[in-house]
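Position 1 is the first residue of the sequence, and the numbers go up from there. Both backbone and side-chain heavy atoms feed into the values below; hydrogens, waters and symmetry mates do not. Whatever order the structure lists them in is the order used to number ligands and atoms, beginning at 1.
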Amino acid sequence: MNIGSIFLRNFRNYKELKLNLSPSLNIFIGNNAQGKTNIIESIYYAALGTSYRIKNDNDLINWQDNEAFINIDFTRLDIDNNIKFHLNKLKRRQILLNGDNIRQKDLPGTLTTVLFSPEDLLIIKGAPALRRRFLDIELSQTNLSYYNNLVKFNKIIVQRNNLLKKIREHKQKAEMLDMWDAQLIPAASFIWEKRWEAVKKISSFAAVMQDNISNNQEKLLIKYKIFAFEDIANVSGIEEAYKDKLYANRFNDIRRGATGIGPHHDDLELFVNNINLKNFGSQGQQRTAVLSLKLAELEYIKDTLGQYPVLLLDDVMSELDINRREKMVLFFRDKNIQTFITATDKDMFSNISKAKLYSVTAGNVEVING
Ligand SMILES: Nc1ncnc2c1ncn2[C@@H]1O[C@H](COP(=O)(O)OP(=O)(O)OP(=O)(O)O)[C@@H](O)[C@H]1O
């Protein structure tokens, strides 16, 4: 996966920006609040159709305008592609892939990315929803049916929960649940199967990474924890088991007005040397594990799609010591992973050859070298 050029108009603080990019390392240097992250965000948004920083797309449009454009040329498995976004404060946004209108449901996996930002430590320390999100982004980018099934599952849960509340208020009959459960059970089972397989792969990739980074001191293990089916050895037969549990749990669901069992309650558990990382890991172990997870994401996408995604490293350089920083950047360069890095200090990269450096000042970008 390789981005050749990016064009932005009225996106955040860019009135107009045209960038021709290096297929290897692209490093954006500038003081705080100049627009470095905005470039990373535009790529992430073009890949997933959503920002990782805000919920409302209108915030992406320059304050002085009503519409914004993102236009990205990229190659995917050596084939040239173009993705365009037209955002408008007053109208539905438009997405064009190679000139044809597409919908959000067709987008994930077109331009694949992995983002690494300081907030990613929350994948270890934060709530289960963040770990599920981590998995769902990987799976959606590598399997469009997964994404569409997930969207469908989430809608079914909302509708089933509305119905549960009505049944609780005696406005509907409990038998009405049969219709929703008939859709929920296969949708949930599909998610379980795919997440289970993905975690096995990601766990083995991440274990190798953690081993390398820690000089064989730390054994990382990631387990997928299915709430209500804990300690199962695999997910074969889960559809039948879920059907039974869901039925047995109806009374509780009606009382709570919410669906208590399903993949929307699952979690990932991470262990280092058999110790639960979230509860007992040191800061250093947790940071290393996030890095291992991110590197595992790259390998997982490469393994599934046959090529590395574009890598976005937003503000993570200053958190690493000089040795780790250089080792990491050279690793990406030598694996031919197109990488976008933001940083405030260009001296951090003085030993890295073949990097294209840009200086970013108040929504203007100039090439420093490369
Ligand atoms: N919709 C918008 N319209 C115009 N300007 C915006 C908009 N949204 C954000 N900005 C401006 O963009 C700038 C922030 O850019 P960005 O987040 O890319 O900073 P950065 O260079 O990555 O900084 P840091 O090093 O602090 O992370 C701020 O000056 C902010 O006022």
Side-chain angles (χ1 to χ4, degrees), residues 3 5-19 21-22 25-72 84-95 111 113-122 287 290-291 294 310-322 325 328-329 332 338-350 352 355-370:
I3 298 181
S5 69
I6 298 181
F7 173 79
L8 302 176
R9 178 177 290 150
N10 296 329
F11 183 88
R12 295 277 199 188
N13 66 338
Y14 290 99
K15 290 303 273 178
E16 193 154 305
L17 174 73
K18 168 91 190 176
L19 281 179
L21 300 155
S22 158
L25 303 174
N26 294 278
I27 304 177
F28 296 89
I29 309 285
N31 291 333
N32 294 133
Q34 300 303 309
K36 303 182 297 295
T37 298
N38 294 343
I39 296 172
I40 301 273
E41 186 182 33
S42 71
I43 300 171
Y44 185 93
Y45 184 83
L48 288 156
T50 162
S51 166
Y52 59 99
R53 302 206 285 179
I54 44 102
K55 287 221 159 64
N56 186 347
D57 283 0
N58 285 349
D59 293 342
L60 301 173
I61 302 172
N62 189 280
W63 294 319
Q64 287 155 10
D65 276 277
N66 283 326
E67 49 184 359
F69 296 86
I70 305 172
N71 188 341
I72 295 184
K84 282 192 188 79
F85 277 76
H86 180 182
L87 309 181
N88 191 311
K89 282 185 185 161
L90 309 168
K91 284 198 251 167
R92 259 177 91 103
R93 75 170 179 195
Q94 211 186 3
I95 314 173
L111 166 67
T113 62
V114 163
L115 168 73
F116 188 10
S117 76
E119 287 78 40
D120 283 326
L121 202 52
L122 291 173
R287 275 170 198 262
V290 183
L291 185 56
K294 289 284 142 184
V310 166
L311 177 62
L312 309 173
L313 302 177
D314 188 16
D315 257 352
V316 286
M317 286 296 136
S318 53
E319 303 209 352
L320 299 169
D321 62 48
I322 183 158
R325 187 160 61 223
M328 205 167 98
V329 172
F332 300 139
Q338 190 182 31
T339 306
F340 295 81
I341 300 173
T342 65
T344 46
D345 182 5
K346 93 171 187 304
D347 295 339
M348 280 183 186
F349 305 94
S350 47
I352 312 276
K356 187 163 179 177
L357 267 77
Y358 311 78
S359 118
V360 183
T361 319
N364 286 298
V365 180
E366 274 178 33
V367 178
I368 304 175
N369 74 353

Q: Tell me if a side-chain donor or acceptor on Lys36 pairs with a main-chain N or O of Gly30 at a distance below 3.5 Å.
A: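 It does hold such a pair.
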Q: Tell me the protein heavy atom at minimum distance from atom 17 (O) of ligand 1, and give that distance in Å.
A: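 Sorting protein heavy atoms by distance from atom 17 (O) of ligand 1 puts Arg53 NH1, 3.1 Å first.
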Q: Is the closest heavy atom of Asn31 to ligand 1 under 4.0 Å?
A: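 Right, Asn31 reaches ligand 1.
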Q: Any donor-acceptor pair under 3.5 Å linking the side chain of Gln34 with the backbone of Asn32?
A: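 Yes; judged by distance alone, with no hydrogens or angles, the pair exists.
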Q: Do Phe116 and Leu291 have side chains that approach each other closer than 4.5 Å (heavy atoms only, starting at C-beta)?
A: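 Heavy-atom side-chain distance check passes, below 4.5 Å.
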Q: Can you tell which of Asn58, Asn13, Ile61 gets a heavy atom nearest to atom 1 (N) of ligand 1?
A: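 Going through Asn58, Asn13, Ile61 one by one, Ile61 has the nearest heavy atom to atom 1 (N) of ligand 1.
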Q: From the options Ile40, Thr37, Ile54, select the one whose nearest heavy atom is closest to atom 22 (O) of ligand 1.
A: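 Looking at heavy atoms only, Thr37 sits closest to atom 22 (O) of ligand 1.
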Q: Are the side chain of Asn26 and the backbone N or O of Phe340 linked by a donor-acceptor pair below 3.5 Å?
A: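 Such a contact is absent between Asn26 side chain and Phe340 backbone.
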Q: Salt bridge (charged side-chain N to carboxylate O under 4.0 Å, His left out) between Asp65 and Lys15: does it pass, once the steps are laid out?
A: CA-CA 9 Å; Asp65 276 277; Lys15 290 303 273 178; 2.8 Å; yes
Q: Is Asn38 close to ligand 1, meaning an N/O of one under 3.5 Å from an N/O of the other?
A: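 Yes, there is a polar N/O contact under 3.5 Å.
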Q: Please state which protein non-hydrogen atom is closest to atom 29 (O) of ligand 1 and give its distance, to 0.1 Å?
A: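 Answer, as residue, atom name and distance: Ala33 O, 3.0 Å.
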Q: Would you say Asn62 touches ligand 1, if touching means a heavy atom closer than 4.0 Å?
A: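 Right, Asn62 reaches ligand 1.
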Q: As an exercise, identify every atom of ligand 1 less than 4.0 angstrom from a heavy atom of Gln34.
A: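 Taking each heavy atom of Gln34 in turn, ligand 1 has 19 (O), 20 (P), 21 (O) under 4.0 Å.
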Q: Looking only at distances, please establish whether an N/O atom of ligand 1 is found under 3.5 Å from an N/O atom of Gly35.
A: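 Min N/O separation from ligand 1 is below 3.5 Å for Gly35.
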Q: Identify, for atom 27 (O) of ligand 1, the protein heavy atom at the shortest distance, and state residue, atom and that distance.
A: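 The closest heavy atom on the protein side is Asp315 OD2, 3.5 Å.
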Q: Are any side-chain N or O atoms of Arg12 and backbone N or O atoms of Ser42, one a donor and one an acceptor, separated by less than 3.5 Å?
A: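 Checked: no pair found.
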Q: Can you tell me which residue and heavy atom of the protein come closest to atom 10 (N) of ligand 1, and the distance to 0.1 Å?
A: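 For atom 10 (N) of ligand 1, the nearest protein heavy atom is Trp63 CH2, 3.7 Å.
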Q: Testing Arg93, Glu67, Arg9 one by one against His86 for a side chain to side chain donor-acceptor pair (under 3.5 Å), which residue passes?
A: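 The single option meeting the side chain to side chain donor-acceptor pair (under 3.5 Å) with His86 is Glu67.
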Q: Do the side-chain N and O atoms of Asp314 and Tyr44 include a donor-acceptor pair separated by under 3.5 angstrom?
A: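 The criterion, which ignores hydrogens and geometry beyond distance, is not satisfied for Tyr44 and Asp314.
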Q: Which residue and non-hydrogen atom of the protein lie closest to atom 26 (O) of ligand 1, and at what distance in Å?
A: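 Checking every protein heavy atom, the shortest distance to atom 26 (O) of ligand 1 gives Asn32 ND2, 3.0 Å.
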